[in-house]
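The basis for the numbers below is simple: all heavy atoms, side chains too, and nothing from hydrogens, waters or symmetry mates. In the text below, chain A, chain B and the rest are named by the order of the sequence lines, each starting its count at 1.
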Protein chains: 2
Amino acid sequence: MASQAEPAPEPRIPLSRDRVLRAAVGIADEHGIGALTMRRLAEVVGAEAMSLYYHVSNKEALLDGIAEVIVQEINDIVDQLDVTGCGWKKAVRQRILSAREVLLRHRWAPGVFETRTTGNPALMRYHDGLIGLMRDGGLSNDLVHHALHALGSRALGFSQELFDPGTGPASGADTRAGLAGLEGQLPNLVGMLMEVAHDEPDSTLGWCDDQVEFEFGLDLILDGLDRLRQTA
Amino acid sequence: MASQAEPAPEPRIPLSRDRVLRAAVGIADEHGIGALTMRRLAEVVGAEAMSLYYHVSNKEALLDGIAEVIVQEINDIVDQLDVTGCGWKKAVRQRILSAREVLLRHRWAPGVFETRTTGNPALMRYHDGLIGLMRDGGLSNDLVHHALHALGSRALGFSQELFDPGTGPASGADTRAGLAGLEGQLPNLVGMLMEVAHDEPDSTLGWCDDQVEFEFGLDLILDGLDRLRQTA
DNA sequence: ACCTGAACACCGTTCAAGT
DNA sequence: ACCTGAACACCGTTCAAGT
């Protein structure tokens, strides 16, 4: 006969800051950032909640930590990109879209980034590389500085939408029916949505494709910067 | 002799959804969004915490409500703007910068907007007006749609910064001293900051002026859209 | 209809104590 | 050094009860 079943052999592995952060990222990935509590994190890691405080000073520091883990994941990818001789715009574009792919695997991350106030070393390294690509492309430090502000969170691969008028379980037809009732109050918005929705009647991603829109906005900014570079 | 002192005559005024929301905005304005708890809000309004649930179904609804109050404040202002015959770009620019002024009085609002998922009627009215200005300027519905995505939160007058390398109580000199130690790891970032900081040695608003940068990014986008309008 | 008291489930966190 | 149990102060919220 086998020996008595031991239900949780996992806690054998000693706790560490790294293991705590990875577990926290796992919880956020699987159940959303709202599910990330100290007690639940402790449970996943096979310890008591209070043990976590030995490896991470408090929850704010935990959030700082997982934000940095994600940016490190981004850095690992973009640092391997080969962008020699393809123009600064294409190089920057590729770097940003690669970062975006990482964020699409950690959809809670943008929300966490926005709440972090303390400097994130990995984020600084990311920006350092981005600045380098622009400098190599001939942009002045002054223009690069403006560029970083203009890009904002887009530099890291995301841009939060303020509202999504087409969201929800409603199909395109339902959406259009619901819109009809608002036509009196919101003539321009309804008119636009009717036309845009009609343009892509069976788009899988709904009335607008976020990836397409992200790239539109990104290119609009990059093209504008390139034009300023030329006139300078 | 006067009658016995009654310490709190305020609770005479009956509760109402409107009063609750205004009090909530007041708390957030004065003490930050973190100070807005149901218990504290009840105290300010002269009632028990549970009474609030009669006027607002839960805290999420409360946040939805105060977000809408702020957008209404914006609408009240931008609806009075006279932009007849000044070109779509200037009209849009003026509308957005006016919205921004409201947000500068409620600095917690952007953070709340980003967490709201349900449709905000006042926000839809705001966008309806914005769309109208663009349509009048000759932009197609398709281009206007792209424009709204490209602008993102900038349409409402804010753009969150991912990090601010020059933030803190450090003076320009202190910042530059601290940067020197990082020059090896972050050559491009440090190089840029040294030069930009030097350009405006005594800028009151620190190493970069947010309002200037906001307008730079806004104009970059508006100019790009106008160029697309012309070629279309 | 409007408001409340007591109670519940859940947070993050402190602190003294264990090995 | 690393981990824990008990406890504290604070959340949002339910529910039955008051007027």
Per-nucleotide protein contact string for nucleotides 1-7 of chain C, where B marks a base within reach and S marks sugar-phosphate only (heavy atoms under 4.0 Å, - for neither): SBSBBBB
Distance check needed: [N] [atom2] versus [X] [atom1], whole Å only.
X       : N      : atom1 : atom2 : answer
B:Tyr53 : D:dA16 : OH    : P     : 17 Å
B:Lys59 : C:dA9  : NZ    : C1'   : 17 Å
B:Glu43 : D:dC11 : CD    : P     : 10 Å
B:Glu60 : D:dG12 : CD    : P     : 11 Å
B:Asn58 : D:dT14 : CG    : P     : 8 Å
B:Leu63 : D:dC11 : CG    : P     : 15 Å

Whether the side chain of A:Tyr126 engages the backbone of A:Val78 through a donor-acceptor N/O pair (distance < 3.5 Å, no angle test) should be reported.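 Side chain of A:Tyr126 to backbone of A:Val78, a donor-acceptor pair under 3.5 Å: no, none is there.
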Do the side chain of A:Arg22 and the main chain of A:Val69 share a donor and acceptor less than 3.5 angstrom apart?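 Flag not set: sc A:Arg22 to bb A:Val69 has no pair under 3.5 Å.
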From B:Glu68 CD over to B:Leu21 CG, what is the distance, rounded to the nearest 0.5 angstrom?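 Reported to 0.5 Å precision, the distance equals 9.0 Å.
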Salt bridge between A:Arg116 and A:Asp64, side-chain N to carboxylate O under 4.0 Å?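 Counted as a salt bridge, because a side-chain N and a carboxylate O are separated by less than 4.0 Å.
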Would you write out the dot-bracket form of DNA chain D, 5' to 3', with Watson-Crick and G-U pairs under 3.5 Å, [ ] for crossing pairs, | for pairs to other strands and . for unpaired bases? ||.|||||...|||||.||
Kindly list each side-chain donor-acceptor pair under 3.5 angstrom involving residues 183-190 of chain A, sequence neighbours excluded, with atom names and distances?
| residue | atom | partner | partner atom | Å |
| --- | --- | --- | --- | --- |
| A:Asn188 | ND2 | B:Asp128 | O | 3.1 |
| A:Asn188 | ND2 | B:Asp128 | OD2 | 3.4 |

What pairs with B:Arg125 under salt bridge (charged side-chain N to carboxylate O under 4.0 Å, His left out), at least two apart in sequence or on another chain?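 Counting only residues at least two positions away or on another chain, B:Arg125 forms no salt bridge (charged side-chain N to carboxylate O under 4.0 Å, His left out).
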Which residues share a salt bridge (charged side-chain N to carboxylate O under 4.0 Å, His left out) with B:Glu48, sequence neighbours left out: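 Residues passing salt bridge (charged side-chain N to carboxylate O under 4.0 Å, His left out) with B:Glu48: none at all.
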Test side-chain hydrogen bond (donor to acceptor under 3.5 Å, both in side chains) applied to B:Arg107 - qualifying residues, sequence neighbours left out: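 Scan of B:Arg107 (side-chain hydrogen bond (donor to acceptor under 3.5 Å, both in side chains), adjacent residues dropped) gives none.
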